[in-house]
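The structure under discussion appears below in the form of structure tokens.
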Amino acid sequence: MRLFSKLGEYNACGMFSIGHLILLSVTIVGIVTSLHYTLYKGKKEIKNIIKNCTIFLWGLEIIKIVFNLWSGNANNPNTYIPLYFCSLILYTGLMSAFGKGTIKKVGDIFLATGGIIAGASFMLVPLTSLTNYPMWHFISIQSFVLHGTMVYLGVLINLTDYIEYNKSDIKYYFSLIIFLGIIAYIVNLILGTNFMFISQNFPNTPIEIIYNITGSFFPLVMLLGQAILPFYIIYFIKEKLPNECKEELIENIEGAVR
């Protein structure tokens, strides 16, 4: 069964292939459609959406972990321990949906900023799924569902003004990434893994350029980049986007589904 075939049984889909384009297109349609039906929900309903999405993603993640352990990847913790930047939605979703005070704030801020950048980046360059498995494989589909959900929730939070945040709120985002980054780095030292992509080179990717330039400072540069850039990119886009453009974007989303 191709959906749960082991690594190497079928040719990998590959990046920028027809399969990649199909998965990307279907995910974008799913994001736009989901936004169409939820843009006018109240804050209580949006909180429930975050909760339901997080529980669903955790279910998929558990299946992914079981699959990787069953399929012979038990000796490669990179494949089943959720300690990557994109894995943070699993934790911040719980923080946002079930947390209170500062805990909830940290979760909300990540979903509104870093989650969008992480999700969109992976959808465009799915290095850890389509380079290993065919298009119609659980790992490939799960990866696009996860990252598409990250983009959906982030855009939903920003377009509905579910939360208000300003430049000073980077302290919540920065603290989260640094804290989990330090944990990932320690785990990398112990297990020889490359969680958060901060310990080893990733050949034939943009990461390799950073690795070659920064040398021994690579872990620090990669961690700080993830802890600063995504927040400010989304924050400044939101701040510079006139209300007219925001309203037009909402109208386009609505019109696209009609």
Side-chain angles (χ1 to χ4, degrees), residues 6-8 12 15 54 57-58 60-95 99 102-103 106-107 109-111 113-115 117-122 125-133 139 142-143 146-147 150 170-233:
K6 294 184 178 181
L7 184 65
M15 291 192 300
T54 302
L57 292 180
W58 264 110
L60 293 180
E61 188 69 23
I62 291 171
I63 296 173
K64 174 185 172 182
I65 292 170
V66 172
F67 166 78
N68 279 305
L69 292 174
W70 164 81
S71 64
N73 290 326
N75 61 341
N76 184 9
N78 284 300
T79 64
Y80 58 84
I81 297 179
L83 260 181
Y84 288 103
F85 187 79
C86 294
S87 304
L88 296 186
I89 187 176
L90 298 170
Y91 311 111
T92 54
L94 294 176
M95 295 165 73
T102 300
I103 297 297
V106 171
I109 292 294
F110 178 84
L111 294 179
T113 56
I117 298 297
S121 298
F122 182 92
V125 189
L127 289 167
T128 57
S129 62
L130 298 192
T131 57
N132 295 314
Y133 295 98
I139 296 297
Q142 182 265 349
S143 66
L146 176 83
H147 296 89
M150 295 177 80
I170 191 175
K171 61 180 178 287
Y172 299 105
Y173 175 83
F174 183 87
S175 299
L176 171 73
I177 304 304
I178 294 297
F179 174 71
L180 292 177
I182 291 173
I183 293 176
Y185 187 71
I186 293 172
V187 173
N188 290 342
L189 289 176
I190 296 172
L191 300 180
T193 47
N194 194 26
F195 295 121
M196 299 288 284
F197 299 114
I198 58 176
S199 295
Q200 302 170 21
N201 185 21
F202 203 127
N204 303 315
T205 71
I207 293 176
E208 185 170 27
I209 298 174
I210 301 174
Y211 183 84
N212 291 334
I213 292 175
T214 58
S216 60
F217 291 100
F218 174 75
L220 179 62
V221 171
M222 282 295 292
L223 183 56
L224 289 177
Q226 294 175 76
I228 296 173
L229 294 179
F231 176 89
Y232 280 124
I233 290 172

Phe197 side chain reached by Thr128 side chain, heavy atoms, under 4.5 Å:
yes
Could you give me the CA-CA distance, side-chain angles and deciding distance for Val187 and Ile190, then say whether side-chain contact (heavy atoms from CB on, under 4.5 Å) is met?
CA-CA 5 Å; Val187 173; Ile190 296 172; 5.8 Å; no
Mind checking the CG-CD1 spacing from Leu94 to Ile103? Nearest 0.5 Å is all I need.
11.5 Å
Validation row: Phe174, Leu224 side chains within 4.5 angstrom (heavy atoms):
yes
Please state whether the rings of Phe67 and Tyr133 are parallel, tilted or perpendicular, taking 30° and 60° as the class boundaries.
perpendicular
Once you round to the nearest 0.5 Å, how far does CE of Met196 lie from CG of Asn188?
10.0 Å
How long is the straight-line distance from CD1 of Ile109 back to CG of Leu176, given to the nearest 0.5 Å?
11.0 Å
Considering all heavy atoms, the nearest Gly115-Met150 contact
O-CB, 3.4 Å
Nearest-0.5 Å distance, CG of residue Leu220 to OH of residue Tyr185:
10.0 Å
Heavy-atom pair of closest approach, residues Met95 and Gly107:
CB-CA, 4.0 Å
Taking Ala74's backbone N and O only, do any of them form a donor-acceptor pair with Tyr80's side chain (distance below 3.5 Å, no angle check)?
yes
Go through the steps to decide whether Gln200 and Tyr211 satisfy the test side-chain contact (heavy atoms from CB on, under 4.5 Å), and finish with yes or no.
CA-CA 8 Å; Gln200 302 170 21; Tyr211 183 84; 5.9 Å; no
Is any side-chain heavy atom of Thr205 closer than 4.5 Å to one of Val125?
no
Would you call the rings of Phe110 and Tyr173 parallel, tilted or perpendicular if under 30° counts as parallel and over 60° as perpendicular?
parallel
Please evaluate residues Leu180 and Phe85 with respect to the criterion side-chain contact (heavy atoms from CB on, under 4.5 Å), reporting the C-alpha separation (whole Å), side-chain torsions for both, the decisive distance (0.1 Å), and the verdict.
CA-CA 9 Å; Leu180 292 177; Phe85 187 79; over 6 Å; no
Side-chain touch Asn132/Ile139, heavy atoms, less than 4.5 angstrom:
no
Can you measure from CD1 (Ile210) to CD1 (Ile198) and round to the nearest 0.5 angstrom?
13.0 Å
So does Thr79 get a backbone contact from the side chain of Asn68, meaning a donor-acceptor N/O pair under 3.5 Å?
yes
Check whether Asn78 reaches the backbone of Asn194 with its side chain - one donor and one acceptor, N or O, closer than 3.5 Å.
yes
Atom pair CD1 (Ile177) and CG (Leu229), whose distance is rounded to the nearest 0.5 Å:
11.5 Å
Is there a side-chain contact between Tyr91 and Leu88, using heavy atoms and a 4.5 Å cut-off?
yes
With heavy-atom distances below 4.5 Å as the criterion, would you say the side chains of Ser87 and Phe195 are in contact?
no
side-chain contact (heavy atoms from CB on, under 4.5 Å) for Leu146 and Phe122? Distances and angles first, verdict last.
CA-CA 10 Å; Leu146 176 83; Phe122 182 92; over 6 Å; no
Closest heavy-atom pair and its distance - Gly225, Pro230:
O-CD, 3.3 Å
Any heavy-atom pair between the side chains of Leu111 and Ile89 that's under 4.5 Å?
yes
Would you mind reporting whether Leu191 and Ile81 have side-chain heavy atoms less than 4.5 Å apart?
yes
Within 6.0 angstrom of Phe217 CZ, more than 12 heavy atoms from elsewhere
no
